[in-house]
Novice: 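Below are the structure tokens for one structure; questions will follow.
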Protein chains: 2
Amino acid sequence: MHEKKRDVAHKILLAAVKVFDRYGLRKTTMRDIAESAGMSKSSLYYYFKSKKDILSSVVKQESLTLTRKLHHAIQQDISPQQKLREYVVTRMHLLFELSVYYASLSEAYLEQYSFIEQEREAFTAFEIDAVSKILSDGVSKGIFQGRDILTAAKTIIIIMKALELRLVISKSMDELDSTVDTMLEILFHGLETR
Amino acid sequence: MHEKKRDVAHKILLAAVKVFDRYGLRKTTMRDIAESAGMSKSSLYYYFKSKKDILSSVVKQESLTLTRKLHHAIQQDISPQQKLREYVVTRMHLLFELSVYYASLSEAYLEQYSFIEQEREAFTAFEIDAVSKILSDGVSKGIFQGRDILTAAKTIIIIMKALELRLVISKSMDELDSTVDTMLEILFHGLETR
DNA sequence: GATTTTTCGTCCAATTTGGTCGAATCATAC
DNA sequence: GTATGATTCGACCAAATTGGACGAAAAATC
């Protein structure tokens with residue numbers, strides 16, 4: 001039945017992630033995906049109407065995982081400082097795992113696809129909201145200085161994006177973690193009341 | 001002069017390694033290399049007569065580095081056991097670094113290029129020779145059992161090639177090192193006189 | 001300023017690309 | 001059985017991309 005149809009579609013998406021990961025989004029062809037999935041190229045079109053459709057599905061799937069896990073990470077009952085650290089570190093690790101999503105954020109040639117642009121904007125909105133909440137919570141608890149929260153949140157997000165670049169270059173998680181720690185050290189002592 | 005010509009050729013090779021690394025050998029185009037080198041595609045043909053020529057140059061260059069460093073690693077005045085360990089570990093790390101050479105050994109589609117096949121054979125011959133020398137040294141020192149050295153060397157090389165596969169999958173150097181240690185533990189206690 | 005070295009834009013035939021379509025195969029029902 | 005629908009695939013196409021050729025324009029050297 002179409003129970004199976006969903007399974008096969010999922011199998012195709014897994015295969016697509018594998019080759020996207022290997023060759024990059026631009027270089028991956030429908031033949032590559034078909035080969036990786038162990039079926040003919042024609043069959044792919046029974047489940048997805050285009051290459052764009054496959055990419056879109058993968059991105060949406062990873063986007064869901066990303067925002068869901070990030071949201072979960074900051075639901076813990078911990079201090080605002082810890083929450084901020086948790087958010088940054090979790091975000092780094094997830095963007096490393098969800099490689100297709102990460103590529104979709106950074107590969108310039110994808111600007112032709114409008115759904116990618118939408119996704120980028122939606123994710124930015126999510127981030128501003130999440131970080132803002134952590135900050136305003138910290139302010140109301142007297143831990144962070146009561147300054148312009150939106151601007152502060154945007155600043156943090158900009159710094160995180162700069163860290164992404166390091167992530168691509170070094171690819172060492174431990175090194176990255178300590179960089180994050182160092183950065184948050186600085187960040188906290190600038191934000192905390194004293 | 002043609003001092004500069006060699007420099008530019010070298011710059012092109014560096015750029016080629018970068019994109020070979022990123023897209024794989026098959027997926028990399030002359031346009032990619034040109035873009036990465038910051039010059040026009042046509043100009044590449046002033047320095048190299050074909051894509052095959054570029055690949056060949058990179059492989060030969062990395063091949064030289066590989067055998068030179070491997071040779072150096074086993075020139076140290078250490079025990080045969082240590083020498084064997086040194087060889088295996090150094091080999092792993094170098095094959096990880098010299099990614100184009102590694103790809104040239106493993107990517108199947110390259111079988112069309114005869115120089116790759118020659119390179120593979122030459123490297124195998126080098127390995128058999130190197131490992132055999134370590135083994136026969138160990139035998140003459142009474143450390144290894146005096147069995148068929150050639151077969152023993154080939155066995156070790158086969159095991160190393162099996163480890164390469166793990167390397168591609170895990171990509172974690174620390175994990176690999178301990179695997180090598182474990183393997184050599186077993187290997188030594190089978191080889192040593194007791 | 002003539003000559004040589006180096007770069008590049010443009011062109012081409014060959015291959016590869018994303019995507020279509022109808023026929024073949026498979027499963028499920030009767 | 002066989003009729004019906006679900007699923008796969010090979011063959012095919014127009015469009016894009018490929019490796020490579022060539023000569024004209026710059027740069028560098030004399």
Side-chain angles (χ1 to χ4, degrees), chain A residues 1-20 22-59 100 104 107-116, chain B residues 1-20 22-59 100 104 107-116:
Chain A
M1 282 299 106
H2 48 70
E3 296 303 312
K4 187 173 181 185
K5 187 160 180 177
R6 235 190 297 138
D7 285 352
V8 176
H10 186 246
K11 190 186 79 178
I12 292 173
L13 292 185
L14 287 180
V17 169
K18 232 185 262 181
V19 285
F20 279 145
R22 184 179 183 129
Y23 296 133
L25 306 185
R26 195 181 91 227
K27 289 276 183 177
T28 297
T29 70
M30 290 297 273
R31 276 172 181 78
D32 294 327
I33 298 172
E35 210 171 309
S36 172
M39 61 200 306
S40 88
K41 179 172 66 85
S42 309
S43 297
L44 297 184
Y45 287 91
Y46 182 69
Y47 298 94
F48 299 94
K49 70 178 210 287
S50 68
K51 180 184 170 184
K52 191 161 86 176
D53 191 22
I54 291 181
L55 176 61
S56 159
S57 296
V58 172
V59 167
V100 173
S104 82
E107 282 192 25
Y109 102 104
L110 287 172
E111 279 155 11
Q112 47 174 316
Y113 295 149
S114 63
F115 73 90
I116 294 276
Chain B
M1 284 292 109
H2 46 71
E3 296 303 312
K4 186 171 181 186
K5 185 161 182 177
R6 233 190 298 138
D7 285 352
V8 176
H10 187 247
K11 189 186 81 181
I12 292 174
L13 292 185
L14 287 181
V17 169
K18 233 186 260 180
V19 283
F20 279 146
R22 184 179 183 132
Y23 297 133
L25 307 185
R26 196 181 89 229
K27 291 275 183 178
T28 296
T29 70
M30 290 297 271
R31 277 172 180 78
D32 293 327
I33 298 172
E35 211 170 307
S36 171
M39 62 201 304
S40 91
K41 180 171 67 84
S42 310
S43 297
L44 298 184
Y45 287 92
Y46 182 69
Y47 298 94
F48 299 94
K49 69 178 211 286
S50 66
K51 180 185 169 184
K52 191 161 86 175
D53 191 21
I54 291 181
L55 177 60
S56 159
S57 297
V58 172
V59 167
V100 173
S104 82
E107 281 191 27
Y109 103 103
L110 288 172
E111 279 154 12
Q112 46 174 317
Y113 295 151
S114 63
F115 74 90
I116 294 278

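We use all heavy atoms of the structure for the numbers below, so side chains are in, but hydrogens, waters and symmetry mates are not. In what follows, chains carry the letters A, B, and so on, assigned in the order in which the sequence lines appear, proteins first and then strands, with residues in each chain numbered from 1.
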Novice: Where do A:S104 and A:I116 come nearest, in terms of heavy atoms and distance?
Specialist: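 In this case the closest contact between A:S104 and A:I116 is O-CG2, 3.5 Å.
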Novice: Restricting to side chain to side chain contact (heavy atoms under 4.5 Å, CB included), what partner residues turn up for A:K52, sequence neighbours left out?
Specialist: A:S50, A:Y113, A:F115
Novice: Enumerate all atom pairs, one protein N or O and one N or O from nucleotides 14-16 of chain D, separated by less than 3.5 Å.
Specialist:
none

Novice: Which residues, if any, of residues 31-46 of chain A bring a heavy atom under 4.0 Å of DNA chain D?
Specialist: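 Close to the strand are A:M39, A:S40, A:S42, A:S43, A:Y46.
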Novice: Grab the CZ-P distance between A:R6 and D:dT7 for me, whole Å please.
Specialist: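 It works out to 12 Å between those atoms.
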Novice: Find the distance A:K49:NZ to C:dC21:C1' and express it as a whole number of Å.
Specialist: 19 Å
Novice: Go through DNA chain C and write down every stem, that is, every run of at least three consecutive Watson-Crick or G-U wobble pairs with distances under 3.5 Å, as range with range.
Specialist: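 Listed by first number, the stems are C:1-30 with D:1-30.
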Novice: Just how far, in rounded Å, is P of C:dT6 from CZ of B:F48?
Specialist: 13 Å
Novice: Tell me every residue that passes side chain to side chain contact (heavy atoms under 4.5 Å, CB included) with A:K51, counting only those two or more places apart in sequence or in another chain.
Specialist: A:M30
Novice: Is it the case that atom NZ in B:K11 sees more than 12 heavy atoms from other parts of the structure closer than 6.0 Å?
Specialist: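 More than 12 heavy atoms, drawn from other residues, nucleotides or ligands, come within 6.0 Å of this atom.
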Novice: Only one of B:L14, B:D53, B:L13, B:L25 forms a side-chain contact (heavy atoms from CB on, under 4.5 Å) with B:V58, so which one is it?
Specialist: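 By the side-chain contact (heavy atoms from CB on, under 4.5 Å) criterion, B:V58 pairs with just one of B:L14, B:D53, B:L13, B:L25: B:L13.
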Novice: Of all residues at least two apart in sequence or in a different chain, which pass the side chain to side chain donor-acceptor pair (under 3.5 Å) check with A:T29?
Specialist: A:D32
